[in-house]
Amino acid sequence: MSTDKNSKGLDDIVVTSSELTLIDGSSGKLSYCGYDISNLTSNCSFEEVIFLLWHGSLPSINELDNFKAKINQNRHIPPQLISLIRQSPKESSTMDLLRTCVSYLSSFDSDLLDTSSDSRMNASIKLLAKIPTILCYSERIRHNQELIEPNPDLDIAANFLYMLKGKLPDDSFTRIFDKCLIIHADHGLNASTFAARVTASTLSDVYSAITSAIGTLKGPLHGGANEAVMIMLNEIKKPENAQNYILDKLKKKDRIMGFGHRVYKTIDPRAVILCNMSKQLQSDYGGVLYDISMEIENIMDREKNLKPNVDFYAASVYTMLNIPSHLFTPIFAVSRISGWCAQILEQYVDNRLIRPRANYIGYKSRTFIPLKDR
Ligand code: ACO
């Protein structure tokens, strides 16, 4: 057994083969099924990208229409789930509620025990379609607002913004939000995807795998970083405060959220796209969030040679789209459900139980002392 200390955190350990996402960490490139991320964000809708991840090729017009129709038909959630959301404490975390709701949803799937690829694909479509509804309902219930029914004429991005705000979204906001969903769709064996694959590798069901993934995404070292970035931007308030704030944190050995990455040794290409969006939104709608962010980026580069990751500019972009910060990580799940499902569908096709080992460093042999003598 390898006891190489570098395998702590599974750094650079290859555990499977995948046709989905290629990350070139040294040159900062990312592609899904061979298509560069910037090409996809410029030319595709989120639905086209999901289809690509789930089927390996971009859809024809007919295929896309059928795929969208299936998503639209599955957006409603059972009344029992709405009751559960209503009964949850209003102050509970949206990620906790989402994780619980996804787990509960499995009780309503009569095909749960069907292990065919069709049934698993159907479960993926149901989760993809229902997660936005769960989030919008939970947000509106939290604010004692009337629930907005899903609109079958709208795509995922527009429907999400519509159900959240209760009015049809501005086209430019919808397009930016759609690009954000594409950017976050898949990212190799990141922690939450790995968690989903581990669960699927036991031949557990799709709902269980996604429940594992949501619990993992929540952590501040992973998807939870975007909300933490916004808290930091709010504390800094203006660009000229950034220097003292960041230097103070670094002196205390605190981590600056939204910086660093296990795989990218140069800038995360998703951060580049989000940075441009943040700049554009600030120039269109005002504020200083982009300016503060740029200031932090420069300081982190100078002090630590660390570059921003996807979570850094997502914070200012979502805020300028009028999305509250406690929804940032849940929105990551609205997008990443596409990658999680693609990855577990791939896992099921060529499965082997994922079961690594630990290097035991505890006592080798101890003399047992009975309870009364300890
Ligand atoms: N701020 C300050 N120092 C940092 C940061 C940071 N954000 N990231 C890494 N470092 C430093 C560490 O302190 C460590 O320094 P040391 O060697 O002097 O102790 C060194 O860089 C290496 O850090 P590791 O934690 O070993 O690197 P790892 O590859 O495990 O880190 C991670 C990756 C967890 C993302 C890290 O960069 C981090 O904590 N970033 C902040 C949280 C964050 O933004 N997470 C989102 C990642 S993207 C995503 O999941 C969607």
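Everything quoted here is computed from the prediction, not taken from an experiment. Counting starts at 1 for both ligands and their atoms, following the listed order.
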Inset, instruction - Using the six-membered ring wherever Trp is involved, compare the ring planes of His55 and Phe67 and label them parallel, tilted or perpendicular (cut-offs 30° and 60°). - result: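 The rings of His55 and Phe67 stand perpendicular, inter-plane angle above 60°.
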Inset, instruction - Please work out whether the ring planes of Tyr104 and Phe108 are parallel, tilted or perpendicular, with thresholds of 30° and 60°. - result: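 Perpendicular.
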Legend entry - Within residues 271-305 or reaching into it, pairs that qualify as ring-ring contact (aromatic ring centres under 6.0 Å, His included) - sequence neighbours excluded: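 Sorted pair list: Phe173-Tyr285.
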Inset, instruction - For the residue pair Gln243 and Arg302, confirm or rule out a side-chain donor-acceptor distance under 3.5 Å. - result: yes
Legend entry - All salt bridge (charged side-chain N to carboxylate O under 4.0 Å, His left out) counterparts of Asp186, not counting sequence neighbours: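 For Asp186, no residue satisfies salt bridge (charged side-chain N to carboxylate O under 4.0 Å, His left out) once neighbours in sequence are set aside.
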Show which side-chain atoms of residues 361-374 pair as donor or acceptor with protein atoms under 3.5 Å away, not counting sequence neighbours.
unit_1, atom_1, unit_2, atom_2, d
Arg374, NE, Ile369, O, 2.8
Arg374, NH2, Ile369, O, 3.2

For ligand 1, find each of its N or O atoms that sits under 3.5 Å from a protein N or O atom, and tabulate the pairs with distances to one decimal place.
unit_1, atom_1, unit_2, atom_2, d
ligand 1, 1 (N), Ile256, N, 2.9
ligand 1, 7 (N), Ile256, O, 2.7
ligand 1, 7 (N), Phe259, O, 2.9
ligand 1, 25 (O), Arg255, NH1, 2.8
ligand 1, 25 (O), Arg255, NH2, 2.9
ligand 1, 29 (O), Arg262, NE, 2.8
ligand 1, 30 (O), Arg262, NE, 3.3
ligand 1, 30 (O), Arg262, NH2, 3.0
ligand 1, 37 (O), Phe259, O, 3.3
ligand 1, 39 (O), Arg255, NH1, 2.7
ligand 1, 40 (N), Phe259, O, 2.8
ligand 1, 44 (O), Gly258, N, 2.8
ligand 1, 44 (O), Asn309, ND2, 2.9
ligand 1, 45 (N), Leu221, O, 2.9
ligand 1, 50 (O), His222, ND1, 2.7

